[in-house]
Amino acid sequence: MNKQYLYRLNSFILLICTGIVVWSVPPKEKIYQKGWIDFNKNGKMDIYENPSAPIEERVKDLLSQMTTEEKTCQMATLYGSGRVLEDALPEAHWKQALWKDGIGNIDEEHNGLGSFGSEYAYPYSKHVKAIHDIQRWFVEETRLGIPVDFTNEGIRGLCHDRATFFPSQSGQGSSWNKELIARIGEVEAKEAVALGYTNIYSPILDICQDPRWGRSVECYGEDPYLVGQLGKQMIQSLQNHGLVSTVKHFAVYSVPVGGRDGKTRTDPHVSPREMRTLYLEPFRRAFCEAGALGVMSSYNDYDGEPITGSYHFLTEILRQEYGFKGYVVSDSEAVEFITTKHRVVSDEVEGVAQAVNAGLNVRTHFTRPEDFVLPLRQAIKEGKISIKTIDNRVADILKVKFWLGLFDNPYRGDGKLAEKIVHCKEHQEVALEAARQSLVLLKNDNQLLPLKKTVKSVAVIGPNADERTQLICRYGPANAPIKTVYQGIKEMLPDVEVIYKKGCEIIDSHFPESEILPFEKTAEEQQMLNEAVKAASNAEVVILVLGGSELTVREDRSRTSLNLPGHQQELMQAIYATGKPTALVLLDGRASTINYANQYIPAIIHAWFPGEFAGTAVAEALFGDYNPGGRLAVTFPKSVGQIPFAFPFKPGSDESCETAVYGALYPFGHGLSYTNFSYDNLQITPEEQGPQGEITVSCEVTNTGSRTGDEVVQLYLRDEVSSVTTYMKELRGFERISLNPGETKKVTFVLTPQDLGLWDKNNKFIVEPGTFKVMVGASSTDIRLEGKFNIK
């Protein structure tokens, strides 16, 4: 008998005694036809299997064939890497598991985290084969063969073992460089595509308005315009490579009361107009301008209504107003919090119903998908969710999967290509450039920096000087190769005596109680301090490397103080007392109240968390091979008592007072250079315009110093008279430019109605007639040129 005959013979079995006809599944090789895949194994090309059919028709056809069980399985995430999905590869018992009817997405599968570690993540070819095997099971062993969307994190490069490791988003934001963010996105996208991921949870579009918050490190900055512009570049780079960009966290997530990060954000104290103007604006840009196809709903509430259960946020704003076309995935436990934290419903069935009716498509959490799917099916059975609503939610998911091309090629990724390009030399160059551009020169009295390479001896001191482990982020690549500052300086100065002493730990043994009470140092702590002081005393210059780490700033690492933690302040004062020329390098993820350093330490560089080339970039800046050009994307307060204290400011928000400190330690947009720049020839055209017209603003910037350097030209606006109280200055344009000594460049900005409008008393976005003041300069307080234009 030939194979074709056997196939036909096995296609049906007539059971004469029962009268039942049972159709068998065709052999697996018959699923893959020329130019199409027989996902439902019925021997013919259905509309949803036809690559040339419109997506809407393919979705409609597939939905019509799906059972309630299959639909509800598409609405759940299966966490991989041993977290929930305990098997590394498909097993026979999967035929009895919930996902026998399919699954929406598998998150972080074999990315180097979880119980499997690097076993299936590296080498990269093994990873690609593993996810192909998993995808093959869903295509070949489930009834309809709906492919899986493989999701992964990606805010510091792809969250995969030994992928290219970039600066934190707080560092990327400090570059103020749109083109650089696009390049970072390109690298991440190419590595994700090669490794077979289809959906990347990036960028984070929250604005950091309270630096005590642990996730400050994950934000581009505190200003919605800056965050929105940079986030737009990341979204476009990811989606231009056929990936979905899932932005997070929607919405009003980043202002926990008192900066406290206790499992869930509740009751952010934000007015409706402020919510629109500040917190929603980056997301509006993400959906309306960049076309992001993914979004993560946050687990806070707003004015008592949980976001993940809010029809207003997830449907009226997100889909109806912003035109969102993709699918909404919940932040971990956001659905459960509707019941357990917010307590606005009495049981999990009601909580699930509220979320799905609000607009949620996919539930994500580190527990079994059954924990969501079974209550979801019960809610449908009880009539709490209509089948029409379920069909709409599942259709959104399927549209994304068709857009991704998963029904035409489910087996994404190329092991051989991944081995060539993941963390390749080209990508490492982008990571190095990102590290350089994230550096901010905060202070440089008497031009102490750059240091001369002819120095005889250097003491590199501090808990972050030779740190690696605690500088690797859970949301970035695992096992990233970090070059420390100590290593970077030693490589920079091979013939110079470079001595390293830790001096102290990032935190002390009594942290965080030591934030509010003094404790005696242990004998070991005192010895570390003594050794550091001795090394500094014997050196010609000192590089002091302090700040924070994963121990002090990350998710669930909020603080009550912004001072340097542990014994770092005492170490700094002891080093200063030696009288040796000292440069302070901060590796940290948030603003800090470094008042002592600002007063006494002559040179300060804030490097944020620079990624794998931290040591190279910092050494280059310290010794003049690179001229720092980054700018602060957040305001540095002098005291936590000033908080809330973030740009943009309302009138009177920073008034002087005889009994309190006022003003910023370092203002938004601040950053110095080893050269100088002049601003000239401000042009504003036209000087009078209608409310729907555009205004062009240009100026000329000249490098008047002796070194090549980068300047970040910043454009601020003020609506001189408005129907509601607006901000004293609003960022409405920025460009990072590089200039050789004596070189002049013209910088041009185009202001649109979106840049000029406000949310009025009736909660309508309008451009009001009147005069607008234009301010162009090197920071929000260092304004070099001013002008005006009128809106008729």
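A quick note: this is a predicted structure, and the numbers were derived from the prediction, not measured.
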For [X], give me all partners under side chain to side chain contact (heavy atoms under 4.5 Å, CB included), at least two apart in sequence or on another chain.
X: E186; value: K190, S237, H241
X: K490; value: Y486, V498
X: K100; value: none
X: A614; value: P610

How close do [X] and [Y] get, heavy atom to heavy atom, and via which atoms?
X: S170; Y: S216; result: CB-O, 4.1 Å
X: M296; Y: S330; result: CG-C, 3.9 Å
X: V356; Y: R393; result: O-NE, 2.8 Å
X: Y411; Y: E140; result: OH-OE2, 4.2 Å
X: P282; Y: I207; result: CG-CG2, 4.1 Å
X: S297; Y: T308; result: OG-OG1, 2.9 Å

Give a yes or no on whether the backbone of [Y] and the side-chain of [X] come within a donor-acceptor separation of less than 3.5 Å.
X: N464; Y: V545; value: no
X: Q428; Y: H423; value: yes
X: E70; Y: G102; value: no
X: K399; Y: I55; value: no
X: E218; Y: R215; value: no

Walk me through it: do K178 and Q233 pass the test side-chain contact (heavy atoms from CB on, under 4.5 Å)? CA-CA 6 Å; K178 289 171 279 190; Q233 303 303 314; 3.8 Å; yes
Do N199 and N105 have side-chain N/O donor and acceptor atoms under 3.5 Å apart? no
No-hydrogen, no-angle side-chain donor-acceptor test under 3.5 Å, N479 and Y122: no
I want to check something: taking the side chain as every heavy atom from C-beta on, are [X] and [Y] in contact at a cut-off of under 4.5 Å?
X: Y79; Y: S332; value: yes
X: W36; Y: N50; value: no
X: R436; Y: E620; value: yes
X: L144; Y: Y48; value: yes
X: L85; Y: W94; value: yes
X: I235; Y: P203; value: yes
X: V128; Y: L417; value: no
X: F407; Y: P147; value: yes

With salt bridge (Lys or Arg N to Asp or Glu O under 4.0 Å) as the rule and sequence neighbours excluded, what pairs involving residues 82-95 come up?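 Non-adjacent pairs meeting salt bridge (Lys or Arg N to Asp or Glu O under 4.0 Å): R83-E108, K95-E141.
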With salt bridge (charged side-chain N to carboxylate O under 4.0 Å, His left out) as the test, would you mind laying out the steps for K60 and E57 before giving the verdict? CA-CA 5 Å; K60 183 179 179 181; E57 292 183 18; over 6 Å; no
For [Y], is there an ion pair with [X] - N to carboxylate O distance below 4.0 angstrom?
X: E491; Y: K483; result: yes
X: E429; Y: R183; result: no
X: R136; Y: D133; result: yes
X: E419; Y: K416; result: no
X: R368; Y: D371; result: yes
X: D414; Y: R412; result: no

Cation over ring, K248 on Y475, under 6.0 Å and within 45°? yes
Looking at residues at least two apart in the chain, or sitting in another chain, which of them share a salt bridge (Lys or Arg N to Asp or Glu O under 4.0 Å) with R363? E336
By salt bridge (Lys or Arg N to Asp or Glu O under 4.0 Å) - contacts of D101 (at least two apart):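 Testing D101 for salt bridge (Lys or Arg N to Asp or Glu O under 4.0 Å), a comparison that skips the adjacent residues, returns none.
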Residues in side chain to side chain donor-acceptor pair (under 3.5 Å) with R319, at least two apart?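 Expected list: N361, D396.
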Within the supplied structure, the quantity of interest is the number of heavy atoms (other residues, nucleotides, ligands) at a distance under 6.0 Å from K129 NZ; does it exceed 12? no
Heavy atoms from other residues, nucleotides or ligands near CD of E426 exceed 12 (cutoff 6.0 Å):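 12 or below, so no.
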CA sep, side-chain torsions, deciding dist, call: Y220, M234, side-chain contact (heavy atoms from CB on, under 4.5 Å): CA-CA 11 Å; Y220 283 128; M234 178 62 70; 3.8 Å; yes
By ring pair (Phe, Tyr, Trp, His ring centres under 6.0 Å), which residues pair with [X], not counting sequence neighbours?
X: H127; value: H160, Y197
X: F324; value: F287
X: Y32; value: none
X: Y626; value: none

Would you please test E191 and H427 for side-chain contact (heavy atoms from CB on, under 4.5 Å) and show each step? CA-CA 9 Å; E191 295 188 354; H427 291 179; 2.8 Å; yes
Among N300, L205, I204, D206, which residue satisfies the side chain to side chain contact (heavy atoms under 4.5 Å, CB included) criterion with S254?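 Looking at N300, L205, I204, D206, the match for S254 under the side chain to side chain contact (heavy atoms under 4.5 Å, CB included) is D206.
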Looking at [atom1] of [X] and [atom2] of [Y], how far apart are the two atoms once the value is rounded to the nearest 0.5 Å?
X: I146; Y: L398; atom1: CD1; atom2: CG; answer: 5.5 Å
X: W608; Y: S438; atom1: CH2; atom2: OG; answer: 9.5 Å
X: N40; Y: E49; atom1: CG; atom2: CD; answer: 4.5 Å

Evaluate the side-chain contact (heavy atoms from CB on, under 4.5 Å) criterion for residues L406 and T198: first the C-alpha distance (whole Å), next the side-chain angles of each, then the deciding distance (0.1 Å), finally the verdict. CA-CA 9 Å; L406 288 175; T198 48; 4.0 Å; yes
Please determine whether side-chain hydrogen bond (donor to acceptor under 3.5 Å, both in side chains) holds for the pair S298 and D331, giving the CA-CA distance in whole Å, both sets of side-chain angles, and the decisive distance to 0.1 Å. CA-CA 6 Å; S298 56; D331 201 348; over 6 Å; no
Check the pair Y253, Y299 against ring pair (Phe, Tyr, Trp, His ring centres under 6.0 Å), reporting the backbone distance first and the verdict last. CA-CA 8 Å; Y253 170 80; Y299 41 65; 5.7 Å; yes
